[in-house]
*Asks:* 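Please see the structure below; I have some questions.
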Amino acid sequence: MAKPKEKNSELMEKIVSLCKRRGFIFQSSEIYGGINGFWDYGPYGAELKKNVKDYWWRCMTRHRDDVVGIDATIIMHPKVWEASGHTTTFSDPMSDCLLTKKRFRSDQIDPQDGQVYFYSGARESLSGKCLNEPFSVLLGEGKNPGSAEKVARQYYESRGLTDPELILDRTEKVLGSTGYNPENGAQLTEPRAFNLMFKTYVGPVQDEKNVAYLRPETAQAIFTNFRNVQEVSRQKVPFGIAQIGKAFRNEINPRNFTFRSREFEQMELEFFIKPDSVVGADADKEPVDIGSPAADWGWSQWHKYWVEQRLRWYESIGLQRSTLELYYQKKEDLAHYAKATVDILYKFPFGTEELEGIAARGDYDLTQHQNHSGKPMDYFDDEAKVKYVPHVIEPSAGVDRLVLALICNAYAEDEVVDDKGKSETRTLLRFHPRVAPIKVAILPLLKNRPEIVAKAKAVQQMIQPFMSVFYDESGAIGRRYRRQDEVGTPFCVTIDFETLGEGDDAGLKETVTLRERDSMQQRRMAIADLLPYLIQQIN
RNA sequence: GCGAGUGUAGCUCAGUUGGUAGAGCAUCACCUUGCCAAGGUGAAUGUCGUGAGUUCGAGCCUCAUCACUCGCUCCA
């Protein structure tokens, strides 16, 4: 099994290298040695990411009657995070075993009773070298005292002493201690808080009263704005509020390129629905048509609907269903308030990992904010003539993860055989035209023919207002095609003598060669048809 | 956070037992080139991750630090 893994990490290295080389993704603050968990997007990466966000926004808000968008601040009132539960759940106390270095969540260690052996240090019997480092071991009831000594000796050996003689300070009976490794009795470090939220201070004075946090998710601003938005948009439940924005988490260990970053961007929708009791929904009933919402849908049907909507969306930007996996979170793993959560995973080279989570969260969030703020979050339903706190379905996607998935998915190495029969590798990114950073490259066949160059520039100017265009006149035409392949440009347009009406076939005047990236096929197209064709391809 | 590994030009890497740095590709200019890269000529490029130490002298040795990769851990 080691072999495919190695192959995958090689693939990942090639992708990372391409990202750097062609200007998709750079390490943040690189000239200062970089900073762990932060990444920048270069020219092509920024275009790609922007295309992804724009397309999500278009599909989720503008193309729908029942979703509106907001754009909220990153820093919010600290009570927001108390209500959401992040202040408590995002700071787990952790302790490490001094001997094995294994890490424990302090609140999950079973309390133990027994005798604690306190050592003040140890000395080497041969050299007399002394180490005055205190260490203690908890000996469970009815255990051989020798085992405590054994653990202590191992500890001092790990600190560089050979054949250490223990210096016992004292022993003490304890009850319900969580300060020792339940597996070997070795002392744990003091619990340290692992606060996953970035802390900052509002105002110039750094006082505990001014503490605020950078949001760990964008969703909470949707809940806090629920009443405002519902009123001004004149939306009726069911309806949704969408938002795209930065979020921050002090990840313990950022990994896998941009996949787990400390600063990242989310695309979140909170879709508010009527409680099942109001519509008389049966959670076990399958929706008749998963694509068309019905009046009697409850949380279960809406949840399935959004999973399907999101899958279709991923397909529409080139992530085939075969590259995705659905993970239905197990009951015991669900947060206590969640009714169901489905993760959409992508098969990355480094493993199958989450792109988006679609959670049915009941009325937990609005109720929490209602309780903490004292402001009503309920909604009067004109049709049903009842008041209720809406329930919510939350499709929450990571933009940076998706961008990385799109790059991984697009990366391909083709074997191409040239006319001399020599085979070579063609590296390309098969981006869907919708997300490709450059839509079309304009290439004059020869750069030393002013008429061709002038015509190419005219074509460029015609297209430029409508999409990202790249003009390139340097080097052989084949090389320029390959350069575009490597950044995923779906179309190349070449201007030649025929375009000018100077070729053998005068009928080709005002036509260009349109070369398609994936098939490398070329065809002749009238300049007049070019723009409508391209616009249709990228929308 | 722990353990192991890596860090030399934009990228991939070479650099002998310590003697003030090289290749290929890429880039730029000019020429060439009539549709799938790597033809010619020329040019630019690095405080060898960063900081300290040992040394007459460090890319090479020592320590620290930062970043990346892998494994553990973590992942509301």
Side-chain angles (χ1 to χ4, degrees), chain A residues 2 5-6 8-10 12-14 16-23 26-39 42 81 84-92 94-105 189 192 194-197 216-217 219-220 247 249-257 259-260 333-338 341 350 353-354 357 359 396 414 416-419 422 424-428 443-449 452 474-486 492-498 502-504 512-515 517 520-522 524:
Chain A
K5 200 161 205 177
E6 197 172 54
N8 282 339
S9 78
E10 270 171 36
M12 204 53 215
E13 274 170 34
K14 282 196 218 169
V16 172
S17 168
L18 176 69
C19 284
K20 168 95 196 277
R21 185 156 39 89
R22 299 313 305 266
F26 305 120
Q27 207 180 350
S28 168
S29 319
E30 198 196 55
I31 60 167
Y32 290 102
I35 176 165
N36 197 340
F38 298 88
W39 300 90
W81 309 112
S84 70
H86 286 87
T87 310
T88 47
T89 59
F90 253 49
S91 58
D92 298 328
M94 311 279 264
S95 322
D96 298 332
C97 173
L98 285 175
L99 184 61
T100 63
K101 307 295 182 200
K102 186 170 174 174
R103 170 161 297 162
F104 296 89
R105 270 182 59 173
T189 58
R192 282 173 295 180
F194 274 61
N195 202 320
L196 264 38
M197 280 200 289
E217 62 171 33
Q220 293 307 319
R249 292 179 198 181
N250 240 328
E251 297 289 352
I252 294 170
N253 195 354
R255 268 300 157 86
N256 291 327
F257 201 24
F259 182 80
R260 179 164 290 130
D333 294 337
L334 285 174
H336 64 276
Y337 49 79
T341 297
F350 49 80
E353 299 276 3
E354 181 183 348
S396 166
D414 271 6
V416 181
V417 181
D418 65 16
D419 32 298
K422 217 174 75 185
E424 58 183 14
T425 307
R426 178 173 78 120
T427 303
L428 71 157
L443 317 170
L445 186 61
L446 295 170
K447 76 167 164 182
N448 55 1
R449 301 292 195 281
I452 293 186
S474 75
I477 187 71
R479 170 198 288 273
R480 282 179 271 165
Y481 286 149
R482 298 299 173 82
R483 260 202 290 246
Q484 292 306 315
D485 289 342
E486 219 185 12
C492 289
V493 166
T494 304
I495 285 81
D496 57 15
F497 287 99
E498 276 73 22
E502 293 172 12
D504 298 332
V512 292
T513 304
L514 182 74
R515 182 258 195 189
R517 176 196 61 209
M520 298 201 294
Q521 280 179 355
Q522 310 185 355
R524 215 64 205 184

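As a basis for the values below, the full set of heavy atoms in this structure was taken, side chains included, without hydrogen atoms, waters or symmetry mates. All values derive from a computational prediction rather than experimental measurement. Chain A is the first sequence line, chain B the second, and so forth, proteins listed ahead of strands; every chain is numbered from 1.
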*Asks:* When rounded to the nearest Å, what value does the distance between C1' atoms of B/G46 and B/G7 take?
*Replies:*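 Here B/G46 and B/G7 have their C1' atoms 14 Å from each other.
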
*Asks:* Could you give the distance separating B/G59 and B/A14 at their C1' atoms, to the nearest angstrom?
*Replies:* 12 Å

*Asks:* Would you kindly check whether a donor in the side chain of A/Gln522 faces an acceptor in the base of B/C35, or vice versa, at under 3.5 angstrom?
*Replies:* yes

*Asks:* OP1 or OP2 of B/C70 less than 4.0 angstrom from a side-chain nitrogen or oxygen of A/Asn256, does that happen here?
*Replies:* yes

*Asks:* So do the side chains of A/Arg480 and A/Pro444 get within less than 4.5 Å of each other, counting heavy atoms only?
*Replies:* yes

*Asks:* Look through every strand shown and name the nucleotide pairing with B/C70 as Watson-Crick or G-U wobble, where both distances are under 3.5 Å.
*Replies:*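 Check on B/C70: paired to B/G3, both distances under 3.5 Å.
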
*Asks:* Expressed as a whole number of angstroms, how long is the span from A/Phe38:CZ to B/A67:C1'?
*Replies:*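 Whole-Å distance recorded here is 13 Å.
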
*Asks:* Is the base of B/C35 touched by the side chain of A/Asp496 through a donor-acceptor pair closer than 3.5 angstrom?
*Replies:* yes

*Asks:* Applying the Watson-Crick and G-U wobble criteria at under 3.5 Å, what pairs with B/A52? Answer none if nothing qualifies.
*Replies:* B/U62

*Asks:* Rounded off to whole Å, could you give me the CD1-to-C1' distance for the A/Ile452 and B/G34 pair?
*Replies:* 8 Å

*Asks:* Between A/Thr427 and A/Arg22, does any side-chain donor sit less than 3.5 Å from a side-chain acceptor?
*Replies:*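 Checked: A/Thr427/A/Arg22 side chains show no N/O donor-acceptor pair below 3.5 Å.
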
*Asks:* Between A/Asp496 and A/Thr513, what is the shortest heavy-atom contact and its length?
*Replies:*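 A/Asp496 and A/Thr513 have their closest heavy atoms at OD2-OG1, 4.1 Å.
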
*Asks:* Between the side chains of A/Glu353 and A/Arg260, is the shortest nitrogen-to-carboxylate-oxygen separation below 4.0 Å, so that they form an ion pair?
*Replies:* no

*Asks:* Base, sugar-phosphate, or nothing for A/Tyr32, non-hydrogen atoms under 4.0 angstrom?
*Replies:*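 No contact at all - A/Tyr32 keeps every heavy atom at 4.0 Å or more from the nucleic acid.
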
*Asks:* Under the salt bridge (Lys or Arg N to Asp or Glu O under 4.0 Å) criterion, do A/Arg449 and A/Glu502 qualify, and how do the steps go?
*Replies:* CA-CA 12 Å; A/Arg449 301 292 195 281; A/Glu502 293 172 12; over 6 Å; no

*Asks:* Return the nucleotide paired to B/U41: Watson-Crick means purine N1 to pyrimidine N3 with N6-O4 or O6-N4, wobble means G-U with N1-O2 and O6-N3, both under 3.5 Å.
*Replies:* B/A29

*Asks:* Taking pairing as Watson-Crick or G-U wobble with both contacts under 3.5 Å, can you name the mate of B/A14, or confirm there isn't one?
*Replies:* none

*Asks:* For the ring pair A/Phe259 and A/Phe350, is the centre-to-centre distance below 6.0 Å?
*Replies:*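 Judged by ring-centre distance (under 6.0 Å), A/Phe259 and A/Phe350 do meet the cut-off.
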
*Asks:* In whole angstroms, how far is the C1' atom of B/C74 from the CE atom of A/Met197?
*Replies:*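 Result: 17 Å.
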
*Asks:* Going by heavy atoms in the side chains, are A/Asp414 and A/Met520 under 4.5 Å from each other?
*Replies:*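 Sidechains of A/Met520 and A/Asp414: no contact.
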
*Asks:* Sort out the partner of B/G46 for me: Watson-Crick or G-U wobble, both distances under 3.5 Å, none otherwise.
*Replies:*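 Paired with B/G46, as far as the under-3.5 Å criterion goes, is no nucleotide at all.
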
*Asks:* Out of B/C70, B/G1, B/C35, which nucleotide sits closest to the side chain of A/Asn253?
*Replies:* B/G1

*Asks:* Nearest of B/C35, B/U12, B/C72 to any side-chain atom of A/Ser17?
*Replies:*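 In terms of side-chain proximity for A/Ser17, the closest of B/C35, B/U12, B/C72 is B/U12.
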
*Asks:* Could you check A/Thr513 against A/Trp39 and say which one's nearest nucleotide on RNA chain B is further toward the 5' end?
*Replies:* A/Thr513

*Asks:* Is there a donor N/O on one and an acceptor N/O on the other, under 3.5 Å, for the side chain of A/Arg260 and the base of B/C75?
*Replies:*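 Flag set: donor-acceptor pair detected.
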
*Asks:* Is there a side-chain contact between A/Arg479 and A/Arg482, using heavy atoms and a 4.5 Å cut-off?
*Replies:* no

*Asks:* Might you list the N or O atoms of the protein lying below 3.5 Å from N or O atoms in nucleotides 27-33 of chain B, with each pair's distance?
*Replies:*
residue	atom	partner	partner atom	Å
B/U27	OP1	A/Arg483	NH1	2.5

*Asks:* Using whole Å, report how far OH of A/Tyr481 lies from P of B/C35.
*Replies:*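 Rounded to the whole Å, the gap is 9 Å.
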
*Asks:* Please name the nucleotide paired to B/C36 by Watson-Crick or G-U wobble geometry with both distances under 3.5 Å, or report none.
*Replies:*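 Looking at the geometry, B/C36 pairs with no nucleotide.
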
*Asks:* Can you measure A/Glu354 atom CD to B/C74 atom P for me and round it to whole angstrom units?
*Replies:*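 Between P of B/C74 and CD of A/Glu354: 18 Å.
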
*Asks:* Could you pick out which residue, A/Glu13 or A/Glu353, lies toward the 5' side of RNA chain B when each is mapped onto its nearest nucleotide?
*Replies:* A/Glu13

*Asks:* With a 3.5 Å limit on both atom pairs, tell me what B/U20 is paired to, counting Watson-Crick and G-U wobble, or say none.
*Replies:*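 B/U20 is unpaired by these criteria.
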
*Asks:* State which of B/A67, B/G71, B/C36 makes the closest approach to the side chain of A/Arg255.
*Replies:*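 Per side-chain heavy atoms of A/Arg255, the pick is B/G71.
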
*Asks:* Does B/A37 have OP1 or OP2 sitting under 4.0 Å from an N or O in the side chain of A/Arg482?
*Replies:*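 Result: yes.
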
*Asks:* Using atom P in both nucleotides, what's the gap between B/G1 and B/U12 to the nearest angstrom?
*Replies:* 27 Å

*Asks:* Can you check the distance between B/G22 and B/U16, where both ends of the measurement are the C1' atom (answer in whole Å)?
*Replies:*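 To the nearest whole Å, 14 Å.
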
*Asks:* Does any donor-acceptor pair link the side chain of A/Arg22 with the base of B/G10 at a separation under 3.5 Å?
*Replies:*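 Side chain to base: no pair below 3.5 Å.
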
*Asks:* Base, sugar-phosphate, or nothing for A/Gln484, non-hydrogen atoms under 4.0 angstrom?
*Replies:*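 Touches nothing.
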
*Asks:* Relative to A/Tyr481, does A/Arg515 satisfy both conditions: NZ or CZ under 6.0 angstrom from the six-membered ring centre, and within 45 degrees of the ring's axis?
*Replies:*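 Satisfied, under 6.0 Å and within 45°.
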
*Asks:* Measure from CD on A/Glu251 to P on B/C75 and round the result to the nearest Å.
*Replies:* 10 Å

*Asks:* Given the P atoms of B/U20 and B/G57, what is the spacing between them in whole Å?
*Replies:*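 Between the two P atoms, the distance is 15 Å.
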
*Asks:* Give one of base, sugar-phosphate or nothing for A/Ser29, where a contact means two heavy atoms less than 4.0 Å apart.
*Replies:*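 No contact.
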
*Asks:* Just how far, in rounded Å, is P of B/G7 from CD of A/Gln27?
*Replies:*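 It works out to 16 Å between those atoms.
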
*Asks:* Spell out yes or no: do the side chain of A/Glu424 and the base of B/A38 have one donor N/O and one acceptor N/O closer than 3.5 Å?
*Replies:*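 Indeed, a donor on one side and an acceptor on the other fall under 3.5 Å apart.
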
*Asks:* Touch check for A/Gly357, heavy atoms < 4.0 angstrom, all strands: base, sugar-phosphate only, or nothing?
*Replies:*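 No contact.
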
*Asks:* To the nearest 0.5 Å, tell me how far A/Arg524 CZ sits from A/Glu498 CD.
*Replies:* 5.5 Å

*Asks:* To the nearest Å, give me how far apart NZ (A/Lys14) and C1' (B/U69) are.
*Replies:*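 Going from NZ in A/Lys14 over to C1' in B/U69 covers 17 Å.
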
*Asks:* If you measure from the P atom in B/U41 to the same atom in B/G24, how many Å do you get, rounded?
*Replies:*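 Pairwise P distance, B/U41 against B/G24, rounds to 12 Å.
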
